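Structure, as structure tokens:
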Amino acid sequence: TQLLEQSPQFLSIQEGENLTVYCNSSSVFSSLQWYRQEPGEGPVLLVTVVTGGEVKKLKRLTFQFGDARKDSSLHITAAQPGDTGLYLCAGPYNTGKLIFGQGTTLQVKP
Amino acid sequence: GAVVSQHPSRVICKSGTSVKIECRSLDFQATTMFWYRQFPKQSLMLMATSNEGSKATYEQGVEKDKFLINHASLTLSTLTVTSAHPEDSSFYICSAGLAGAGETQYFGPGTRLLVL
């Protein structure tokens with residue numbers, strides 16, 4: 001069974017701080033996706049990383065896919081209150097299905 | 001972009017009643033639709049996969065007679081929670097896969113179910 005372990009599960013920081021969220025697995029994934037979800041809403045896709053070692057940037061968010069395609073990280077620079085939410089990594093398995101990590105709840109205090 | 005809607009957005013029902021949740025792909029035909037359940041402060045757990053015109057495939061531990069899924073067309077899938085109980089209270093989210101889009105799923109906004 002493929003599993004995705006996310007850490008930390010909860011993170012409370014002050015506005016302006018930097019943070020990194022990790023998504024690890026013992027299995028190789030063809031790609032990994034990162035989502036952000038706000039309370040009462042569905043998850044919204046932020047990025048998909050496909051190539052081992054790939055780095056993608058989305059404004060203040062930097063996503064990296066591990067060389068072996070078993071792990072990924074999300075780094076946020078100068079976090080803002082608007083970044084508050086649940087961050088989820090997900091990987092495909094069994095023809096189209098997605099398995100999700102446990103999620104990281106981020107709270108950015110003004 | 002691909003838009004998925006869910007209806008209703010929230011529903012409150014009495015224990016023992018059945019509740020139907022609709023999932024629609026608004027601007028594309030979805031070859032596959034997925035149903036997830038999410039408890040507070042937890043991640044999404046896949047319940048079942050449905051393909052148009054065929055029976056849904058349920059994940060281990062999900063009761064198919066409890067959670068009835070009908071995928072009548074390429075734009076509509078429904079999830080019916082039968083004889084709902086308070087422990088079925090949760091956030092139900094559907095997603096739709098687009099042919100040719102690989103592993104990308106487009107998520108609906110979710111349905112909050114509260115069973116009293």
Side-chain angles (χ1 to χ4, degrees), chain A residues 1-12 21-25 27-51 65 69 72 74 84-107, chain B residues 1-11 21 23-25 30-52 56-62 90-114:
Chain A
T1 303
Q2 291 181 300
L3 292 173
L4 285 170
E5 301 280 344
Q6 264 186 259
S7 63
Q9 292 191 32
F10 299 98
L11 195 54
S12 181
V21 177
Y22 299 94
C23 178
N24 296 298
S25 176
S27 303
V28 175
F29 283 89
S30 59
S31 65
L32 281 178
Q33 301 173 3
W34 285 93
Y35 292 83
R36 178 168 168 265
Q37 185 184 23
E38 297 200 38
E41 299 181 12
V44 175
L45 179 66
L46 296 174
V47 78
T48 300
V49 286
V50 179
T51 307
F65 201 12
R69 291 186 286 125
S72 182
L74 158 60
T84 293
L86 177 66
Y87 290 82
L88 297 157
C89 67
Y93 75 105
N94 279 6
T95 312
K97 295 182 182 181
L98 280 178
I99 184 169
F100 282 83
Q102 307 100 313
T104 296
T105 298
L106 172 64
Q107 181 186 43
Chain B
V3 179
V4 176
S5 70
Q6 281 185 241
H7 178 81
S9 58
R10 57 178 61 195
V11 56
I21 302 170
C23 176
R24 292 181 185 273
S25 57
T31 51
T32 306
M33 286 186 172
F34 303 88
W35 287 96
Y36 296 83
R37 182 166 53 182
Q38 184 179 32
F39 291 107
K41 298 193 183 299
Q42 293 187 25
S43 188
L44 279 71
M45 296 297 295
L46 180 64
M47 298 175 67
T49 304
S50 75
N51 293 287
E52 184 261 343
T57 303
Y58 291 81
E59 295 299 300
Q60 191 172 8
V62 178
S90 189
F91 194 50
Y92 292 87
I93 305 173
C94 73
S95 70
L98 174 60
E103 298 146 344
T104 300
Q105 293 183 20
Y106 300 92
F107 285 83
T111 296
R112 173 75 61 193
L113 170 63
L114 177 61

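This one's a predicted model, so the numbers in the text were calculated from it and none came from an experiment. Letters A, B, ... mirror the listed sequences (proteins, then strands); counts begin at 1.
Neither the backbone nor the side chain of B/Thr32 comes within contact range of chain A; no heavy atom of the residue lies under 4.5 Å from a heavy atom of that chain. Contacts between B/Ile93 and chain A at a heavy-atom distance below 4.5 Å involve the side chain alone, from C-beta outward. Neither the backbone nor the side chain of A/Gln9 has a heavy atom closer than 4.5 Å to any heavy atom of chain B.
Once rounded to the nearest 0.5 Å, the distance linking CD of B/Gln42 with OG1 of A/Thr105 reads 10.5 Å. With rounding to the nearest 0.5 Å, the separation of CG in A/Leu98 from CZ in B/Phe34 is 7.0 Å.
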For B/Glu59 and A/Lys97, what are the C-alpha separation, side-chain angles and deciding distance, and is it a side-chain contact (heavy atoms from CB on, under 4.5 Å)? CA-CA 11 Å; B/Glu59 295 299 300; A/Lys97 295 182 182 181; 2.7 Å; yes
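A donor-acceptor contact shorter than 3.5 Å is absent between the side chain of B/Ser43 and the backbone of A/Gly103.
Side-chain contact of A/Gln37 with B/Gln38: a donor-acceptor pair under 3.5 Å is present, judged by distance alone.
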